[in-house]
Enquirer: 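Here it is: the structure, laid out below.
Every value quoted in this text rests on a predicted model; they were computed, and no experiment measured them.
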Amino acid sequence: MTTDYFSLAGKKGLILGLANEHSIAWGCARLAREQGAEIVASCLNEKARPYVEPLTTAAGIDLLTCDVEQEGEVQALVEHAVAKLGRLDFVVHSIAWAPLEDLHGRVIDSSRTGFSRAMEVSCHSFATLARLCAPHMTQGGSLLGMTYQGADVAMPHYGLMGPVKAALESLVRYVALELGPQRIRVHAVSPGPIMTRAASGIAGFDLMLEGAIAKAPLGRLVTLDEIARLCVFLCSDAASGMTGQTIYVDAGCHAVA
C-alpha cells in the first residue's frame, strides 16, 4: 500500500484568524478540510461571525470566537478544540493587528501602548498558542504563523508591522528549537501581498501590490490557493523533515533586489 504523505486525512487542526472568504485562514481551512482534516476554527468576535459562519457551516468546520487580547480566550479555544477533536496535529495562527494611528505613522513615533498591543496580538499570542497546544500534539505536528517580507527588509508603508513580524520570525525559530523534541515542527509562512481584510488597513497597499507585480520574477501576485497549498503541505507528513524556517510564497519577490 502506498502512503499518501501529502494527505491530511485523519489529521486534526486548529486555525485562528478567519475574517471572510478572502482571508488566508479561510483558504487554509477550506483546503485542509478538502484534504480530509477535521478542523476547529476561530474568528475575532460576534461582529465577524456573519462573514465567516456561512463558510464554515458549509464546510463542516466548527467555529468559535477568540480575541487573543482577552484573558482566557485562547485557552478556552484550545480546550474546546481538544474536547471536539481529541488531539491536535496542526495549528495555523493567521492573525495580526496594530492600531491604525500607529500603523500609519512612523515607527519612531509609535506609542508604547500601540507597539505593545501589536506585539501581543501579532507575535506573543503565537507563543501562548504554542504553549497551550503542545501538550495536545501527542503525535507531533505543525505550528504555522504568518509573516511578510517587511520583517526582513524595510518597506514603505509597512511601518510598525515590520519589527513585529521580525519578532514573530525569530519566535518561530526558538519555538522550533524548544518543541522539536516533541516532533512539533514550526514555520513562518511569508506570502506576497494579497488583498485581505488585514491588509486593507495598510496605507498605500495598492502601491505595494503594484510594486510586487513589477518586482516578482513570475510577474504576478500569488493567489490565496497558492498560499493555502503551501500551508497544507507544511501541515502534512510530506514536510516531516522541515522546521524553524521562514518560507516564502511570493512569486519570487524576496529573491530579487
Enquirer: With rounding to the nearest 0.5 angstrom, report the CG to OG1 distance, Leu171 to Thr147.
Expert: 11.0 Å
Enquirer: From Leu14 CG over to His80 NE2, what is the distance, rounded to the nearest 0.5 angstrom?
Expert: 9.5 Å
Enquirer: Can you tell me how far the CD1 atom of Ile194 sits from the CG atom of Leu224, to the nearest 0.5 Å?
Expert: 5.0 Å
Enquirer: Is the number of heavy atoms from other residues, nucleotides or ligands within 6.0 Å of CZ (Phe233) greater than 12?
Expert: yes
Enquirer: Nearest heavy-atom pair of Arg185 and Leu234: which atoms, and what distance?
Expert: NH1-O, 3.0 Å
Enquirer: Do you reckon Ile95 sits in the same ILVMFWY cluster as Met146, going by side-chain contacts under 4.5 Å, direct or chained?
Expert: no
Enquirer: Hey, quick one: are Val121 and Met119 part of the same hydrophobic cluster, counting side-chain heavy atoms closer than 4.5 Å, chains of contacts allowed?
Expert: no
Enquirer: Please state whether the rings of His254 and Tyr248 are parallel, tilted or perpendicular, taking 30° and 60° as the class boundaries.
Expert: parallel
Enquirer: May I ask you to say whether Glu34 pairs ionically with Arg30, meaning some side-chain N is under 4.0 Å from a carboxylate O?
Expert: yes
Enquirer: What distance do Ile184 atom CD1 and Ser142 atom OG have between them, rounded to the nearest 0.5 Å?
Expert: 9.5 Å
Enquirer: Looking only at side chains, do Ser125 and His93 share a donor and an acceptor under 3.5 Å apart?
Expert: yes
Enquirer: Which distance, rounded to the nearest 0.5 Å, do you find between the CD1 of Ile213 and the NZ of Lys215?
Expert: 13.5 Å
Enquirer: Arg49: what forms a side-chain hydrogen bond (donor to acceptor under 3.5 Å, both in side chains) with it, not counting sequence neighbours?
Expert: Glu46, Glu53
Enquirer: Check the pair Leu55 / Leu18 against side chain to side chain contact (heavy atoms under 4.5 Å, CB included), numbers first and verdict last.
Expert: CA-CA 10 Å; Leu55 304 171; Leu18 277 69; 6.0 Å; no
Enquirer: Of all residues at least two apart in sequence or in a different chain, which pass the side-chain hydrogen bond (donor to acceptor under 3.5 Å, both in side chains) check with Glu210?
Expert: none
